[in-house]
Structure formats: structure tokens, C-alpha cells
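What follows is a short report on a single structure.
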Number of protein chains: 2
Amino acid sequence: MKYKKKDRQNKLVEMIEETPFITDEELAKKFGVSIQTIRLDRLELSIPELRERIKNVANKNWNEELRALPVEEVIGEVVNLELDNLAISILDIKEEHVFSRNKIARGHHLFAQANSLAVAVINDELALTANAEINFTRPVKVGERVVAKASVIDQDKNRTIIEVKSYVQDELVFEGKFYMFRSAEK
Amino acid sequence: MKYKKKDRQNKLVEMIEETPFITDEELAKKFGVSIQTIRLDRLELSIPELRERIKNVANKNWNEELRALPVEEVIGEVVNLELDNLAISILDIKEEHVFSRNKIARGHHLFAQANSLAVAVINDELALTANAEINFTRPVKVGERVVAKASVIDQDKNRTIIEVKSYVQDELVFEGKFYMFRSAEK
DNA sequence: ATTACTATTAGGACCTAGTCATAATAGTGG
DNA sequence: CCACTATTATGACTAGGTCCTAATAGTAAT
């Protein structure tokens with residue numbers, strides 16, 4: 001009974017993350033408490049109201065700085081982007097990313113995050129991966145947050161070399177060198 | 001004389017398309033008319049209210065995030081599997097696999113097909129990709145069918161090397177060498 | 001049991017960005 | 001001037017909240 005509040009608040013955070021388009025009223029019903037309690041919880045947890053949450057999700061897609069490349073084409077969430085220079089994205093490893101047997105992330109998700117970030121950082125309509133050398137340096141488990149950092153390390157007429165390093169906390173979990181084709185020269 | 005009704009409505013459509021997060025009040029100011037006029041205009045043009053517009057953008061974003069990568073065990077359909085020897089899978093490239101701009105398949109899908117096939121061919125509970133060298137030899141377009149063939153080319157105590165070649169018809173579109181870890185020895 | 005404290009619930013005033021319905025007024029064409 | 005459209009005004013109502021105050025319930029320590 002003592003931890004009831006805590007438990008509820010933890011579940012609340014989870015639930016709102018999963019289905020952010022949920023009203024206080026619906027939440028109150030699900031938890032069997034009053035709307036006021038839900039609102040107190042949100043206040044304590046600094047979770048904004050429904051409309052703000054919707055706006056945030058919508059804004060992700062409408063961020064003017066990111067409009068060079070449609071954001072939905074990047075795996076993970078882009079948190080920083082300087083075209084032709086560097087980019088950073090975050091991918092939270094969830095159940096759907098891992099092998100059910102051992103809860104280790106499937107390689108192709110880490111690859112997808114890195115590869116799509118490499119595409120995003122290139123300021124070009126047509127950016128294609130020609131080849132890549134990649135390394136999975138440490139297994140990533142469910143619940144971990146992978147931060148991928150892409151940086152352009154070489155660039156000539158129509159080829160760009162991009163290095164992507166992905167970390168969980170300070171630990172390197174993936175690194176890759178991507179050789180990309182561009183349509184136009186710089 | 002300001003804008004005529006028709007003109008204003010045309011401009012209105014444009015403006016809302018450009019900056020969908022604009023209130024009727026702001027629109028009224030921009031056009032120098034009353035809020036009611038703007039609302040009549042929206043009614044005639046069947047443009048939903050601000051909150052609905054935001055919700056639409058948000059929903060689009062949300063759906064696209066959810067379909068980032070398919071969740072199935074193996075990406076593509078396995079048509080042949082001999083454990084510790086070879087495996088073949090087919091992946092039909094659809095709209096959701098390609099860049100909207102040029103209809104070319106995103107590299108990570110080809111990688112995912114190859115990598116998950118490499119995992120599948122290994123007769124082991126725990127098979128992880130350690131590193132890989134990959135080559136995208138030809139862009140794959142929407143509508144094409146990619147056939148991936150994985151074959152074990154070397155195997156020792158707890159490492160397996162797998163070569164995957166992917167074809168569209170007879171054309172090689174992707175090749176990769178995957179260095180995989182296994183938990184148990186053979 | 002009394003006090004202290006947290007947790008929960010309740011209520012009201014106010015807010016934004018609308019909806020819908022009704023009515024009055026302005027501007028223009030014939 | 002009349003008819004008609006366009007515009008504006010007004011009021012009642014809505015969802016999904018915020019913010020503030022106040023009452024009550026439950027538990028813990030003295």
C-alpha cells in the first residue's frame with residue numbers, strides 16, 4: 001500500500017509513453033482513481049497535458065531545421081543535425097527490437113539506426129549506401145538507449161565517407177564506416 | 001479593397017498547408033477580417049480546426065514511427081533452410097521499404113534481410129553478429145523481388161562466417177560477409 | 001487516542017480554441 | 001430600392017485542461 005502511488009506513477013509514465021494520446025479522464029478510469037489524482041501525478045512528473053503532448057509529437061515532424069530530409073525516414077529520433085557534418089540520434093531498445101530468447105537487440109536495428117543517420121547527414125536528395133564495414137562491439141539489451149553519432153570524415157565529388165559510432169552510456173556498442181554515393185557534387 | 005472571398009480562401013488553404021499550427025485568430029488578423037469569417041471559410045473548405053490539424057500531423061508521425069521496421073523473426077520469407085549450411089529468403093520491396101523521394105529501397109532493409117537470414121541459418125540459440133562487410137552493388141526499386149542466399153563458408157568453435165548474396169532476377173544487388181558469434185560449439 | 005503527515009478527492013473560476021445557431025449589418029449588382 | 005451575398009456579432013455550449021482552495025481518508029509515530 002505504501003508504494004501504491006509510486007507504482008501508479010511509474011505505470012503512468014509507461015502508459016503515456018506508449019499511448020500519448022490519452023486523456024486524464026481515460027487514465028483515471030484505467031487506474032481507478034480520480035481525475036485530480038492523475039493531474040497531481042502529471043504535475044509531479046512534469047508530464048504536459050494531452051494537447052501539449054500531441055503538439056510535441058506533431059512538432060517532431062514539423063521541425064523546420066530537420067526538413068532537409070523527411071524525419072520519418074530516420075530510424076530513431078534525431079536530436080541533432082548539421083548537414084554535411086554530424087548528426088546524432090537516439091534509439092530506445094524495446095521488446096520489438098530484441099531476440100525473445102536473450103533480450104539482445106537484433107543487429108539490423110542498430111545498423112538501421114546508423115545507416116539512416118548516415119543518409120540523413122548528407123545534404124542531398126539522392127544518398128545511397130555503396131558499402132560499409134561494421135562492428136557490433138557489445139550486445140545491447142532491451143531497455144538500453146543507443147545514441148548514434150554520425151560524422152562526415154571524407155567527402156569528394158560524389159562520394160562521402162561517414163563514420164557512425166553508437167553508444168550505450170559511454171560504452172561503444174556499434175561502429176560503422178559507410179561509403180555513400182551522392183548524386184550531385186558538392 | 002482587400003482580397004475577394006475566393007482569393008482569400010485560396011490563400012487560406014495555402015497558408016494552412018504551409019503553417020498548419022495557426023489559429024483562426026491569427027488568420028483573421030493576417031487577412032484583416034473577423035474570426036467568424038475565417039470560420040465560415042474553413043467550414044466551406046472543410047478545413048478542420050487547429051486541434052484536429054495538429055492531431056493529424058501527430059498521428060501521421062506516430063504511425064510512421066511504429067512501422068519503422070517489421071518485427072518478424074526473419075525479414076523476408078524463408079523458402080529454403082538447411083541449418084549450418086545455407087538458407088534462402090525472398091523479400092518483395094514495397095512502398096514502405098523505399099525512400100519516398102526516389103523509390104529506392106533503404107539499405108537497412110536489404111541488410112536486415114541478409115542479417116536475419118544469417119542468424120537463421122545458424123543452428124544455435126544465441127547467434128550474434130560480431131561484424132560485417134557489406135556491399136550494395138545496385139539500387140533496388142519498389143516492386144522488385146530480392147532473393148537472398150546465405151551460405152556458411154567457415155565455422156569453428158564459436159565463430160561462423162556466412163556469406164549472403166542478394167539478387168533481383170540474376171543481378172547481384174547486395175553482398176555481405178557476416179562474422180557471427182555462437183554460444184555453444186558445434 | 002491524539003497529532004502529524006501524506007494521499008486523494010472535490011469544487012469553482014478561468015482558459016483556449018473551437019462548435020453551432022441565430023441575427024444583424026455592409027456591400028454590391030441589377 | 002430590392003435582392004442577394006458576404007461579413008460580423010452574439011450567445012450558449014464543448015473538451016480538456018490550469019490553478020487554487022478546501023475537505024476528507026489513511027497511515028505512522030508519539
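Naming: A, B, ... by sequence-line order, numbering from 1 per chain.
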If the cut-off is 4.0 Å, is B:Arg8 near the phosphate of D:dT7, judged by side-chain N/O to OP1 or OP2? yes
Residues passing the side chain to side chain contact (heavy atoms under 4.5 Å, CB included) test with B:Ala148, sequence neighbours excluded, are B:Ser89, B:Gln113, B:Leu117, B:Val164, B:Ser166
In whole angstroms, the gap separating C1' of D:dA6 from CD of B:Glu44 amounts to 9 Å
query: Are B:Lys165 and B:Glu175 within salt-bridge range, i.e. N to O under 4.0 Å?
result: yes
Rounded to whole Å, the CD1-C1' distance (B:Ile47 to C:dG18) equals 15 Å
Could A:Glu44 and A:Lys5 be called an ion pair, given the rule that one side-chain N must be under 4.0 Å from one carboxylate O? yes
Rounded to whole Å, CG of B:Asp24 lies from P of C:dC20 at a distance of 13 Å
Check: Contact class for B:Arg53 vs. all strands (heavy atom < 4.0 Å): base, sugar-phosphate, or nothing?
Finding: nothing
Check: B:Arg51 side chain, C:dG18 base, donor-acceptor under 3.5 Å:
no
Salt bridge (charged side-chain N to carboxylate O under 4.0 Å, His left out) filter on B:Glu14, not counting sequence neighbours, yields none
Please tabulate the protein-to-nucleotide N/O contacts below 3.5 Å involving nucleotides 22-25 of chain C, giving atom names and distances.
none

Residue set satisfying salt bridge (charged side-chain N to carboxylate O under 4.0 Å, His left out) with B:Glu49, at least two apart, ordered chain then number -> B:Arg51
Taken in chain and number order and not counting sequence neighbours, the residues that satisfy salt bridge (charged side-chain N to carboxylate O under 4.0 Å, His left out) with A:Asp154 are none
Taken to the nearest whole Å, CD/A:Glu52 to C1'/C:dT16 is 11 Å
Here the distance between atom C1' of C:dT8 and atom CG of A:Leu43, to the nearest Å, is 14 Å
Here the residues of residues 34-41 of chain B within 4.0 Å heavy-atom distance, strictly under, of DNA chain D are B:Ser34, B:Gln36, B:Thr37, B:Leu40
In whole angstroms, the gap separating C1' of D:dT8 from CZ of B:Phe31 amounts to 17 Å
Across all chains, not counting sequence neighbours, the side chain to side chain contact (heavy atoms under 4.5 Å, CB included) partners of A:Glu82 are A:Asn80, A:Asn85, A:Leu86
Residues passing the side chain to side chain contact (heavy atoms under 4.5 Å, CB included) test with B:Arg138, sequence neighbours excluded, are B:Glu144, B:Val168, B:Glu171, B:Val173
Taken to the nearest whole Å, NZ/B:Lys29 to P/C:dA17 is 11 Å
Residues passing the side chain to side chain contact (heavy atoms under 4.5 Å, CB included) test with B:Lys149, sequence neighbours excluded, are B:Ile88, B:Val147, B:Tyr167
Rounded to whole Å, CG of B:Leu27 lies from P of D:dT8 at a distance of 14 Å
Of the candidates C:dT8, D:dG16, C:dT19, the side chain of A:Lys5 sits closest to C:dT8
